[in-house]
Amino acid sequence: RKELVVALAGNPNSGKTSLFNELTGSRQHVGNWPGVTVEKKEGRLKFEGIDFKVVDLPGTYSLGAYTEDEVIARNFIIYDKPDVVINVVDATNLERNLYLTMQLLEMNANLVIALNMSDEAKAKGIEIDKDKLSQILKVPVVMTVATKGEGVKELLENVLKAVEFKGERYRIDYGKELEEGISELESLIKEDEELSKKFFPRWLAIKFIENDENIMKEFSSKTALMEKVKLIQKKLEGIFGEDAEVVVADKRYGVISGIVKECVKKRSTPEERYT
Ligand code: GDP
Ligand code: K
Ligand code: MG
């Protein structure tokens, strides 16, 4: 591919559009996503002689199938397979923002994290050990202030490096029972040429267990697979005493809370100390 595609993904108000403007300047095109009235922003940029197309995805807290924005963002990542996804993370709200990060990792997106609003985080006394975060997630992490263009060059250098990345990123360990169900489904998915070509098998297996509305509808005709999904969901519900999707979400929140404890320190600000 001559032109590399970079998508910007992040929570609403994390600074995606500010970063998009900083990256692409006036070389922008605004249209709509096919079939919907949600705005689609694309822009271009050249860095170290390489042409990039940059796509500003709708801001979302999750990549479930619950809103139009979530479906647009996730379909772009699944079907258009951007070379790199810049996950714009609001450093003042790391815990909430990491919920999306975990889902992007689960989709096997080739991530670089822009730890944005780092000026506001600093002013609030929030210290994030970005090297530790990078080490845990196995993803490059760059501090940025999108509105001032700070960190943008370093971000692009890391995007360029990530294009060549072939290793493993962080993966949530969902625990023995869930992992058994996931790997059972993963095997079935890998045997199915249509599914394994389109989707990252582990991600799809987890979506089945989560009873994802769009995914369940799309594959309702694969009766043998769907029966297996129902069986695994039932078994997990028997073990945990609640819906499998709740168990998956709880596990994600737990993992994120642990990561935040390891990476974030909150100092008192001067105002808090002296007033
Ligand atoms: P989006 O919803 O993710 O597209 O976020 P925007 O780019 O629209 O930014 C949301 C708000 O945060 C705007 O008021 C921006 O000016 C501001 N903003 C974006 N990045 C930064 C940053 O790094 N530092 C600070 N202090 N403000 C920022
Ligand atoms: K703000
Ligand atoms: Mg925006």
Side-chain angles (χ1 to χ4, degrees), residues 7-16 19 59-64 70 73-74 77 84-146 151 154-155 158-159 161-162 165 167-179 182 200 202-203 205-207 209-210 240 244-268:
L8 300 182
N11 289 8
N13 280 316
S14 58
K16 280 189 309 345
L19 184 60
T60 61
Y61 295 106
S62 176
L63 291 170
E70 289 185 18
R74 105 173 182 189
I77 291 166
V84 177
V85 174
I86 297 178
N87 177 203
V88 183
V89 165
D90 176 354
T92 67
N93 244 314
L94 186 65
E95 186 147 3
R96 191 181 66 190
N97 280 248
L98 284 180
Y99 195 72
L100 180 69
T101 307
M102 287 299 151
Q103 293 179 63
L104 290 166
L105 286 170
E106 224 150 60
M107 297 177 87
N108 205 32
N110 189 10
L111 284 196
V112 173
I113 291 178
L115 204 50
N116 195 44
M117 307 272 182
S118 53
D119 55 341
E120 273 195 38
K122 197 173 169 195
K124 287 182 174 164
I126 301 165
E127 274 178 26
I128 301 176
D129 185 342
K130 78 167 176 80
D131 295 330
K132 182 108 205 181
L133 185 62
S134 171
Q135 202 183 5
I136 293 172
L137 299 181
K138 302 191 183 105
V139 168
V141 177
V142 179
M143 298 266 205
T144 60
V145 182
E154 191 189 342
L155 185 64
N158 279 279
V159 165
K161 263 191 249 165
F165 183 81
E168 289 250 328
R169 304 297 197 191
Y170 177 81
R171 147 185 307 195
I172 290 180
D173 178 352
Y174 283 100
K176 187 173 170 291
E177 290 91 352
L178 273 165
E179 287 294 340
I182 292 168
F200 187 59
R202 183 177 165 85
W203 177 80
I206 295 168
K207 285 295 137 189
I209 287 176
E210 283 185 287
F240 292 102
E245 56 190 293
V246 176
V247 181
V248 169
D250 281 352
K251 189 74 200 179
R252 279 197 194 118
Y253 286 122
V255 162
I256 289 167
S257 156
I259 292 173
V260 169
K261 280 201 187 81
E262 280 196 69
C263 299
V264 183
K265 260 193 299 197
K266 171 83 175 75
R267 277 185 308 104
S268 53

What is the minimum heavy-atom distance between Asp173 and Lys251, and which atoms define it? O-CE, 3.1 Å
If you define the side chain from C-beta out and look only at heavy atoms, does anything of Thr60 sit under 4.5 Å from Gln103? no
Using modelled atom types and a 3.5 Å cut-off, is there a donor and acceptor pairing between side-chain atoms of Glu106 and backbone atoms of Trp203? no
If you round to the nearest 0.5 Å, how far is CD of Glu95 from SG of Cys263? 11.5 Å
If we ignore hydrogens and angles and just use 3.5 Å, is the side chain of Thr92 paired with the main-chain N or O of Ala121 as donor and acceptor? no
Determine yes or no for a side-chain-to-main-chain donor-acceptor pair under 3.5 angstrom, with Lys138 supplying the side chain and Arg171 the backbone. no
How many angstroms lie between atom CZ of Arg252 and atom CD1 of Ile206, to the nearest 0.5 angstrom? 6.5 Å
Would you give the length of the straight line joining atom CG of Leu155 to atom CD1 of Ile113, rounded to the nearest 0.5 angstrom? 11.0 Å
From Leu115 atom CG to Ile128 atom CD1, the distance as rounded to the nearest 0.5 Å: 4.5 Å
Where Lys207 and Leu63 come nearest, the two heavy atoms and their spacing: NZ-O, 4.1 Å
When rounded to the nearest 0.5 angstrom, what distance separates CZ in Phe240 from CG in Asp250? 10.0 Å
Could you report the tightest heavy-atom contact between Pro140 and Ser134, atom names first, then the distance? CA-OG, 4.0 Å
Which pair of heavy atoms, one from Asn158 and one from Val112, lies closest together, and at what distance? O-CG2, 3.8 Å
Note, Asp119 side chain near Lys122 side chain (heavy atom, < 4.5 Å): no
Looking at Lys132 and Glu262, is any side-chain nitrogen of the basic one under 4.0 Å from a carboxylate oxygen of the acidic one? yes
Determine whether Ile259 and Leu137 satisfy the following criterion, side-chain contact (heavy atoms from CB on, under 4.5 Å), listing intermediate values before the conclusion. CA-CA 9 Å; Ile259 292 173; Leu137 299 181; 4.0 Å; yes
Quick one: CG on Asn13 to CG on Asn116, what's the gap to the nearest 0.5 Å? 11.0 Å
Donor-acceptor pair between Arg169 and Asn108 side chains, under 3.5 angstrom: no
Say whether, by atom type as modelled, one donor and one acceptor occur between the side chain of Ser14 and the main chain of Val89 under 3.5 angstrom. no
Would you name the heavy atoms of Leu19 and Ala146 that are closest together and state the gap between them? N-CB, 3.7 Å
Closer than 3.5 angstrom, by distance alone: can the side chain of Glu70 be matched with the main-chain N or O of Gly64 as a donor-acceptor pair? yes
Are any side-chain N or O atoms of Asp90 and backbone N or O atoms of Met117, one a donor and one an acceptor, separated by less than 3.5 Å? no
Shortest non-hydrogen pair, Lys16 vs Asn11, comes out as NZ-O, 3.9 Å
Look only at the side chain of Asn87 and the backbone of Ala9, and say whether a donor-acceptor pair between them is shorter than 3.5 Å. yes
Would you call Tyr170 and Val139 a side-chain contact if the rule is heavy atoms closer than 4.5 Å? no
